[in-house]
Amino acid sequence: MDILRGLRQVPEALGATVVTIGVFDGVHRGHQLLISEAVVRARELGLPCVVMTFEPHPVAIFAPERAPKALIPLSERARLIEQLGVDYLVVIDFREELAGDSPEMYVRDVLAGVLGARTVVVGENFTFGKDAAGTAATMRELGKAYGIEVVTVELLNDAGVRVCSTAVREELDRGDVRVAADFLGREFAVTGVIERGAGRGGRELGYPTANQYVADISALPADGVYAGWLTVVDGAEKGPIVGDMEPGVRYPAAISVGTNPTFGDARRSVESFILDRDADLYGRLARVEFVGKVRDMVKFDSVDELLESMARDVETTRRILAADPKNPER
């Protein structure tokens with residue numbers, strides 16, 4: 001998949017296309033349905049499939065106080081979209097393009113013009129153009145004028161709940177990573193570089209952790225301890241891992257999300273204790289997937305209480321992961 005930063009990078013020789021449009025934060029099951037429909041239409045017509053997305057989120061530009069937490073960074077969004085069979089990802093920055101376009105300009109100049117859209121696939125709640133004045137119905141009417149077939153995909157509902165990025169964030173805020181995973185179609189994950197923390201986990205407690213610090217604009221599960229998997233995802237250019245781990249392999253982990261109230265650490269982090277492994281992971285890029293919740297975050301009165309709880313957390317983590325259908329040892 002080719003990633004094009006802005007409309008100016010779209011090649012003139014692109015020709016006719018099938019296009020779908022959206023932020024696609026999380027690339028959840030509803031997004032997957034929409035993008036897959038566009039891919040199917042493109043294959044039927046023998047045309048490239050183009051996804052037009054936005055970075056940063058448009059709300060972060062027009063109403064930053066209401067900007068939602070990002071479920072995944074753009075790099076992960078691109079990786080997941082590519083897996084669906086898309087040929088081109090066009091990344092639009094509203095600060096530079098499209099923000100002032102009327103709905104007709106949007107269709108005439110961008111879809112029919114730059115992208116050569118023969119078919120456009122949108123969700124039934126789609127809005128576009130200046131002040132979000134255009135709707136899916138507007139798109140259909142304008143499509144007729146500019147020779148574009150417009151396909152509207154119904155929103156996906158799960159037991160009466162609309163599958164959307166907002167619903168995923170709400171479940172993460174509750175700490176319910178299982179329901180969030182149902183909406184996403186995969187486990188919620190955090191991807192980031194492993195950094196040095198206070199060093200207390202391994203030095204003083206005997207539980208060395210791989211620490212990741214995410215930006216304030218990124219979504220995380222509610223503070224607590226979770227069972228999950230850690231995978232080092234950087235490539236061979238980083239070389240082998242020092243220790244008994246390998247890149248690309250999922251390892252079981254007990255994962256703490258939040259600050260460290262017992263020791264007064266203020267930075268919110270994702271700290272993964274990898275079970276039964278010993279490796280130097282500093283500077284490596286890792287993906288941490290959340291499978292189930294172990295407990296809420298608690299402030300302990302003593303280190304002994306903390307150690308007792310951590311031992312229980314590890315055993316609970318083993319039980320949760322033993323039942324995970326994706327456990328390679330099942």
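All of these numbers come straight from a predicted model, not from anything done at the bench. Side chains are part of it too, since the values below use all heavy atoms of this structure and drop only hydrogens, waters and symmetry mates.
- Nearest heavy atoms, Ser165 versus His31: OG-CE1, 3.5 Å.
- Ionic pairing of Arg319 and Asp324 is not present here: no N-O contact between side-chain nitrogen and carboxylate oxygen is shorter than 4.0 angstrom.
- Of all the heavy atoms in Pro247 and Arg284, the pair that sits closest is CG-NH2, 3.9 Å.
- In plain terms, the two heavy atoms of Val18 and Ala42 that are nearest each other are CG2-CA, 3.6 Å.
- The shortest distance between side-chain heavy atoms of Val51 and Val90 does not fall below 4.5 Å.
- Taking a cutoff of 4.0 Å between a charged side-chain nitrogen and a carboxylate oxygen, Asp176 and Arg174 do not qualify as a salt bridge.
- Between the side chains of Thr53 and Arg77, at least one donor N or O sits under 3.5 Å from an acceptor N or O.
- Note on Glu315 versus Arg318: salt bridge recorded, some NZ/NE/NH1/NH2 to OD/OE distance being below 4.0 Å.
- Residues Arg162 and Leu156 form no side-chain contact, since every pair of their non-hydrogen atoms from C-beta on lies 4.5 Å or further apart.
- Here the closest heavy-atom approach between residue Tyr106 and residue Met52 is recorded as OH-CE, 3.4 Å.
- No side-chain donor from either of Thr152 and Glu124 sits under 3.5 Å from a side-chain acceptor of the other.
- For Glu171 and Arg178, the salt-bridge test fails: no basic side-chain N is under 4.0 Å from an acidic carboxylate O.
- Of all heavy-atom pairs between Pro58 and Val23, the closest is CD-CG2, 3.7 Å.
- Cluster annotation: Leu71 and Ile255 are assigned to the same hydrophobic cluster (Ile/Leu/Val/Met/Phe/Trp/Tyr, side-chain heavy-atom contacts under 4.5 Å, transitive).
- By the 4.5 Å heavy-atom criterion applied to side chains, Tyr226 and Val291 are not counted as neighbours.
- For Asp25 and Arg169, the salt-bridge test passes: some basic side-chain N is under 4.0 Å from an acidic carboxylate O.
- The pair Lys326-Glu289 fails the salt-bridge criterion, with no side-chain N (NZ, NE, NH1 or NH2) lying under 4.0 Å from an Asp/Glu carboxylate O.
- Considering only heavy atoms from C-beta on, Leu172 stays 4.5 Å or farther from Leu220 through its side chain.
- For Asp182 and Arg29, the salt-bridge test fails: no basic side-chain N is under 4.0 Å from an acidic carboxylate O.
- Proximity of Phe273 to Asp313: side-chain heavy atoms (C-beta onward) are nowhere separated by under 4.5 Å.
- When every heavy atom of Asp234 is checked against every heavy atom of Leu285, the shortest pair comes out as OD2-N, 2.9 Å.
- Taking the six-membered ring for Trp, His28 and Phe183 have ring centres at least 6.0 Å apart.
- Side chain to side chain, Arg295 and Ser309 meet the donor-acceptor criterion of an N or O pair below 3.5 Å.
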